[in-house]
Amino acid sequence: MTGGPLAGLRILEVGHILAGPYATMLLADLGAEVTKVEPPGGDLSRQVSDAYFASLNRGKRSVRVDLATAKGQEHLHRLVRDTDALLVNLKPSAVHRFGLTYEALRPVNERLVCVSLTGWGMAAGDEPAFDYVVQAATGVAALTGAPDGPPLLPGYSSADNSAGLAAALGLLAQVVSGRGGQIEVSLRDVMLSQLNYHAAAWLNDGTAPRRLGGAHAYYVPAQLFPTAEGHLALFVTHDAFWRAFAAEAGIEGHDTMAERAAHREEVVAAVTKALAADTAAGWEARLRPLRVPAAAVRTLPEALAAAPEAVVEAGGTRLVASPFRVTGYEPSYGPPPRLGEHGDLT
């Protein structure tokens, strides 16, 4: 395969920071030609750091266009005529003001796929909707942390990244249909969707989710445990895993998932006591041959050192590779573009 699976697909991106740029970078990694349409001052992520910008924008082109001017709108329409899809990551009023919807651009290119990626949805107004705000508003933060502690947020932008993946999928789905049209994706809807079984339990059974300190709501034991040194993630999802683990750890009883769920505290106490006899690394080495899902908690530097094949170079910047592995295709991982490198149309 000489080009990626998306070779020949032309995408325009208008937006800032993370969710939209992450979506289009994944598509660029797969061979699409992605052009950032940047305002005169550029994508705001350029102000964070070069490495930050590169982590979301490798392998793209950049044109600088002032969409607030008549001249800028002329340039936009010229770009749209030869484009397959447009992904916009701006607040709804800006999407409409700059004419970045399928309704506005259909006279220019009827086959254009337009994706709007917003915080709350195109009909919800311009209320601020950054990643952590959405996690708080959708119940994600309330589910995270110790039962007797405050709600917590994860240490990375899970809402932005998840919404970016969803936007890329929606864009491709409409492209595959062969028809132009409008796709809407919001951070709120994506995070609510990812609370799938928690939401279903509440909507159908009236069971509200509880904060369990990172423990799984249904599987027991499935959480982080302290050991003689470090912490171990143990994820026992069915009884065969439990039998193998219990035999290795010297724990008796609690043979079925139903029993373990009914006696969660007792099971967790027994597992905690058993795991104190060895280190996290030791338990991982012992449980791996038994096919029991377990891993020592690693720092990011440790995780990257353990997976050197996941690190690539893009124009002199070391980054994490595309999560997609396509047989016969290796992404080129070009450098992130300089502002207006491929056209200053202001």
Side-chain angles (χ1 to χ4, degrees), residues 11-30 32-65 67 87-91 94 115 117-119 128-136 140-141 152-168 171 185-187 190-191 298-324 331-344:
I11 300 171
L12 295 180
E13 171 213 306
V14 180
H16 292 278
I17 305 291
L18 209 161
Y22 179 61
T24 55
M25 185 185 73
L26 294 177
L27 300 174
D29 287 344
L30 291 170
E33 180 185 277
V34 176
T35 300
K36 292 178 69 69
V37 180
E38 300 191 65
D43 182 334
L44 291 173
S45 67
R46 291 183 181 274
Q47 302 173 19
V48 180
S49 74
D50 290 342
Y52 187 104
F53 181 77
S55 74
L56 299 166
N57 292 285
R58 65 183 175 223
K60 300 180 185 177
R61 305 169 74 253
S62 169
V63 296
R64 192 162 69 155
V65 180
L67 295 176
L87 190 146
V88 185
N89 186 190
L90 298 172
K91 59 187 180 182
V115 181
L117 178 50
T118 63
F130 293 95
D131 185 286
Y132 284 4
V133 173
V134 172
Q135 290 194 52
V140 175
L152 295 175
L153 295 166
Y156 81 109
S157 302
S158 62
D160 276 334
N161 283 294
S162 298
L165 281 164
L171 182 152
V185 177
S186 74
L187 273 67
V190 169
M191 296 315 288
R298 293 175 172 82
T299 64
L300 176 60
E302 290 169 341
L304 291 175
E309 71 281 1
V311 178
V312 298
E313 184 173 304
T317 304
R318 298 177 73 222
L319 301 170
V320 175
S322 168
F324 307 109
S332 61
Y333 296 120
R338 299 185 303 276
L339 177 59
E341 178 180 350
H342 301 91
D344 189 344

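His16 places a side-chain heavy atom less than 4.5 Å from the side chain of Pro39. Inter-residue side-chain proximity for Pro128 and Lys91 is flagged as unmet; no heavy-atom pair is nearer than 4.5 Å. With a 4.5 Å cut-off on side-chain heavy atoms, Val312 and Pro331 do not count as touching. In this structure, Ser158 and Met191 have side chains that are in contact, with non-hydrogen atoms separated by less than 4.5 Å. Contact of the Phe130 side chain with the Leu18 side chain is not registered, since no non-hydrogen atoms from C-beta on lie closer than 4.5 Å. Residues Asn89 and Val14 have side chains not in contact (no heavy-atom distance under 4.5 Å, counting atoms from C-beta outward). Considering only heavy atoms from C-beta on, Phe324 stays 4.5 Å or farther from Asp29 through its side chain. Using a 4.5 Å heavy-atom cutoff, the side chains of Phe53 and Pro337 are in contact.
A donor-acceptor distance shorter than 3.5 angstrom exists from the side chain of Ser55 to the backbone of Tyr52, with no hydrogens or angles considered. Proximity of a side-chain donor or acceptor of Glu38 to a complementary backbone N or O of Arg64 within less than 3.5 Å is not detected. In this structure, Ser157 contributes its side chain and Asp160 its backbone to no donor-acceptor pair below 3.5 Å.
In this structure, Leu56 CG and Asp43 CG are separated by 8.0 Å, a value rounded to the nearest 0.5 Å. Leu187 CG to Ser162 OG: the interatomic distance, rounded to the nearest 0.5 Å, is 8.5 Å. Going from atom CG of Leu12 over to atom CZ of Arg61 covers 9.5 Å, rounded to the nearest 0.5 Å.
Nearest heavy atom pair, residue Arg318 against residue Val311, reads NH2-CG1, 3.7 Å. Nearest heavy atoms, Ala136 versus Ala141: CA-CB, 4.0 Å. The minimum heavy-atom distance between Pro40 and Leu339, with the atom names listed, is O-CD2, 3.6 Å. Across all non-hydrogen atoms, the minimal contact from Gly315 to Pro335 is CA-CB, 3.6 Å.
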CA sep, side-chain torsions, deciding dist, call: Val63, Asp344, side-chain contact (heavy atoms from CB on, under 4.5 Å): CA-CA 6 Å; Val63 296; Asp344 189 344; over 6 Å; no
Test salt bridge (charged side-chain N to carboxylate O under 4.0 Å, His left out) applied to Lys36 and Glu13, step by step: CA-CA 5 Å; Lys36 292 178 69 69; Glu13 171 213 306; 2.5 Å; yes
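Counted by atom type alone, Lys60 and Thr24 present one or more donor-acceptor pairs between their side chains at under 3.5 Å. Residues Ser62 and Glu341 have side chains that never bring a donor and an acceptor to within less than 3.5 angstrom of each other.
For Asp50, the CG atom sits in a loose shell: 12 or fewer heavy atoms of surrounding residues, nucleotides or ligands are nearer than 6.0 Å.
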